[in-house]
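Structure first, commentary second.
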Amino acid sequence: LPLRIAPVLTSAAQLVERTLYVHLHPGLNLGSGNQPRSVFIPPVVDLSTLINRLYSNAADICAHLDIKVLLTNVRSLSAACNGAAVPNCPFPTPQCLSHSPEVVLTDFPLQDPGQSHQITQSLQKYTGQCYVCSPSLPSVLLYPELMKLQEKEEQEKPENQAESLETYSDVVVGGTFDRLHGAHKTLLNISCLLSNRRCLIGVCDEAMLKKKVLTELIEPYSLRVQRLHEFLQDVKPSLQLEIVPLDDPFGVSIVDPLLQCIVVSEETRLGGEAVNRRRIENDLPPLVIHEIQLLKDAYHTESEEEKISSSSLRSRLLGTLLTPPKDTSHLPPLPYVIGLTGGSGSGKSSIAKQLEALGAVRIDCDKLGHEVYEPGTAAYHKVLEEFGSDILNEDKTINRRALGRKVFGNQERLKALTHIVWPEIALLVKNTISQARQEGKQVCVMDAAVLLEAGWTNMVHEVWVTIIPEEEAVLRITERDGVTTEDALRRLQSQWSSAKQVRRANVVLSTLWEPEVTHKQVLKAWRLLQDRIQQRQVKQ
Ligand SMILES: CC(=O)SCCNC(=O)CCNC(=O)[C@H](O)C(C)(C)COP(=O)(O)OP(=O)(O)OC[C@H]1O[C@@H](n2cnc3c(N)ncnc32)[C@H](O)[C@@H]1OP(=O)(O)O
């Protein structure tokens, strides 16, 4: 089978759009004239190698497909003898999968073209016994040359093919499981393969995510659990599934006496060993540590890790459209206005400048904000009335630094200030956009630190947010503006958290890495934006 995985996946990917369920039945003979029935197959070492290769090949060949290797028909003999009455057939009633199959594909080699009708009929019937499918399920024979590969495989059969795999009644595995990918699926599939009764899955909750790269882009806990549940329920419905939040690296793995085995990757092996030390301290037997190989990521860039990792997947999301823009029919279609926001020190101004270099009109709201304090303006008088004359310089201009000290870190006072100045700044912004429209400009980028807090989203077509970790922001602010760490923190706490901003963002960018990395993100975001603007114009 290993030799056939790539061609099978390649031809399957031409027919399948979303989910490809893989049902394994070694030696299934569809051409004998007798209707085959599904039988239990034993968990052998070769099967775990196959699962690993399948997900790894899939990552290279058809990364867009949601692949699931189904294990309903895999069971060890010892498990079957565990006391409970086990049916002869793994599918006493057809299994209901989360997506009902619409077509069944087989790699069964056709020896005589005249057999084709009998084989497809037999396959449809077989599939209907195993899974709930539409009654007129079409079937497709994949890739006729597979036959030759099969012969080659017969010759190259590894020695340990039938070596049985040790299985356990209760197995534990843990992780963040963000944007469930091939490496997660391998880990989970093998955990299911190893468990006979219960599979306990610890899922990192908020406290465990703080230090992760681009933590703001990690899917919410409830969504990750929902995806895990759907995957595992399809893969092995007979298992008792327990999905629990992890607030520390151990969770219940160090106190659950029934657990026998922990599944780890090369990267988390040390974690498995730490679990065992804690179990011994707790007078519990250590767990068998089953380690799986990490998949290589064929598409990793120089700056990314070699293994398939959620953090690489998250960094690839930067610059792309994460959520579609809301209805903006109340705005003139052009210029297309991007509201660029992000915490203090997150590098939004440098991104705004790069977008300006690519052709956008840049509207610097901080700068417009400073204009409204000009002596003689309405805002000038109102601010003096509200904050007193001790914020004045000797020449009677407003000392913004002094004003900043009064408002940053004091929500009430900041609100009093923004109540005065935001309407004035908004007017200046609208004038600048109108002027850009008159000049026939296509895109404006409105660089506004507190766009979301001000509720200015109705002035823009899309919201773009720049993020960096708080410690990095504090470093940048203290270095750049010469303020103390406490002042920098106060300023950051006057703004929404990055996580909250990301929830409202259409596009997210990060200036955490080298300038070239940011530049690539900006170019990607700009190119995708041009496509969106063009598509809108075609529609209108
Ligand atoms: C909706 C908008 O985003 S409009 C643009 C932001 N301006 C406002 O909200 C008006 C109120 N703020 C101000 O008038 C001024 O910031 C002052 C007077 C308080 C301080 O002035 P200055 O000392 O010259 O500082 P400056 O205006 O450069 O702002 C300093 C930092 O605070 C941020 N900041 C500005 N206003 C706010 C605010 N209302 N809440 C939180 N942070 C703010 C700025 O974006 C800047 O951070 P960054 O450059 O790292 O992104």
Side-chain angles (χ1 to χ4, degrees), residues 337-353 362-375 377-380 382-384 386-388 390-393 397-433 444-460 463-470 472-498 500-501 504 509-511:
V337 184
I338 302 299
L340 178 65
T341 189
S344 185
S346 64
K348 76 186 156 356
S349 299
S350 91
I351 288 180
K353 281 180 197 150
R362 176 172 161 235
I363 306 172
D364 181 342
C365 296
D366 276 343
K367 208 160 142 214
L368 293 182
H370 299 165
E371 282 177 24
V372 304
Y373 295 115
E374 288 291 315
T377 59
Y380 176 85
K382 285 188 196 162
V383 169
L384 271 193
E386 182 70 41
F387 291 92
D390 57 331
I391 55 157
L392 285 182
N393 290 313
T397 54
I398 288 178
N399 180 336
R400 293 198 309 269
R401 211 26 95 76
L403 184 54
R405 275 195 295 272
K406 285 191 178 219
V407 295
F408 291 136
N410 183 335
Q411 287 299 335
E412 278 303 308
R413 301 308 285 146
L414 184 61
K415 211 167 153 193
L417 176 67
T418 56
H419 187 71
I420 300 170
V421 294
W422 276 347
E424 305 288 331
I425 308 174
L427 272 180
L428 295 176
V429 170
K430 283 178 187 162
N431 287 345
T432 317
I433 296 173
C444 286
V445 55
M446 191 169 130
D447 173 353
V450 276
L451 178 114
L452 296 169
E453 292 87 330
W456 283 8
T457 46
N458 60 355
M459 285 163 64
V460 303
V463 175
W464 291 16
V465 169
T466 55
I467 54 171
I468 48 156
E470 189 178 83
E472 178 66 24
V474 169
L475 276 180
R476 289 187 190 179
I477 298 170
T478 48
E479 262 174 36
R480 183 193 64 183
D481 298 349
V483 294
T484 62
T485 303
E486 291 68 35
D487 278 344
L489 277 170
R490 255 201 297 279
R491 195 191 289 175
L492 286 169
Q493 280 148 15
S494 310
Q495 304 177 341
W496 281 13
S497 69
S498 318
K500 191 167 173 188
Q501 295 188 38
R504 304 286 180 90
L509 301 149
S510 176
T511 59

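One-based numbering along the sequence shown. Counting starts at 1 for both ligands and their atoms, in listed order.
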Protein residue, atom and distance nearest to [atom], heavy-atom basis:
atom                    : result
atom 45 (O) of ligand 1 : Ala449 CB, 2.8 Å
atom 2 (C) of ligand 1  : Val450 CG2, 3.6 Å
atom 25 (O) of ligand 1 : His370 NE2, 4.4 Å
atom 49 (O) of ligand 1 : Arg480 NH2, 3.5 Å
atom 32 (O) of ligand 1 : Arg491 CD, 3.4 Å
atom 51 (O) of ligand 1 : Lys348 NZ, 2.8 Å
atom 21 (O) of ligand 1 : Arg400 CB, 3.5 Å
atom 7 (N) of ligand 1  : Asp366 OD1, 4.1 Å

Distance under 4.0 Å to a non-hydrogen atom of [X]: what atoms of ligand 1 satisfy this?
X      : answer
Leu414 : 39 (N), 40 (N)
Trp422 : 1 (C), 8 (C), 9 (O)
Cys365 : 4 (S), 5 (C)
Ala448 : 2 (C), 3 (O)
Gly345 : 50 (O)
Thr418 : 39 (N)
Tyr373 : 13 (C), 14 (O), 18 (C)
Ala454 : 1 (C)

> More than 12 foreign heavy atoms under 6.0 Å from NE2 of His370: is that the case here?
Replying inline: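 More than 12 heavy atoms, drawn from other residues, nucleotides or ligands, come within 6.0 Å of this atom.
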Which bit of [X] gets closer than 4.0 Å to ligand 1, counting heavy atoms only: side chain, backbone, both or neither?
X      : result
Leu451 : backbone
Ser344 : both
Glu453 : neither
Gln495 : side chain
Val421 : side chain

> Any N/O of Phe408 closer than 3.5 Å to an N/O of ligand 1?
Replying inline: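 Phe408 vs ligand 1: no N/O contact under 3.5 Å.
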Looking at every non-hydrogen atom in both residues, tell me the closest pair between [X] and [Y] and how far apart they are.
X      : Y      : value
Arg480 : Ser344 : NH2-OG, 4.1 Å
Trp422 : Ala454 : CZ3-CA, 3.6 Å
Ala448 : Thr341 : O-OG1, 2.8 Å
Glu453 : Trp496 : OE2-N, 2.7 Å

> Distance below 4.0 Å between atom 40 (N) of ligand 1 and any protein heavy atom?
Replying inline: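 It does: a protein heavy atom is found less than 4.0 Å away from atom 40 (N) of ligand 1.
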>> With a 4.0 Å cut-off on N to O distance, would you call Arg490 and Glu486 a salt bridge?
In response: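 Salt bridge flag = no for Glu486 with Arg490.
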Approximate separation, where rounding is to 0.5 Å, of [X] [atom1] and [Y] [atom2]:
X      : Y      : atom1 : atom2 : result
Ile433 : Cys444 : CD1   : SG    : 5.5 Å
Leu384 : Ile391 : CG    : CD1   : 5.5 Å
Arg401 : Phe408 : CZ    : CZ    : 10.0 Å

>> Between Thr457 and Arg504, is there a side-chain heavy-atom distance shorter than 4.5 Å?
In response: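 The answer is no, as the side chains (C-beta and beyond) never meet within the 4.5 Å cut-off.
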> Would Glu386 and Leu417 count as a side chain to side chain contact (heavy atoms under 4.5 Å, CB included) if you check the C-alpha gap in whole Å, the side-chain angles of each, and the deciding distance to 0.1 Å?
Replying inline: CA-CA 8 Å; Glu386 182 70 41; Leu417 176 67; over 6 Å; no
>> Given 3.5 Å as the limit, does a donor-acceptor pair link the side chain of Ser510 with the main chain of Ile467, or not?
In response: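 Yes.
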>> For Val429 and Cys365: C-alpha separation, side-chain torsions, deciding distance, then whether side chain to side chain contact (heavy atoms under 4.5 Å, CB included) applies.
In response: CA-CA 7 Å; Val429 170; Cys365 296; 3.9 Å; yes
> Considering the options Ile420, Ile425, Ile398, Thr377, which one meets the side-chain contact (heavy atoms from CB on, under 4.5 Å) requirement together with Val372?
Replying inline: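 Among Ile420, Ile425, Ile398, Thr377, the one that satisfies the side-chain contact (heavy atoms from CB on, under 4.5 Å) with Val372 is Ile425.
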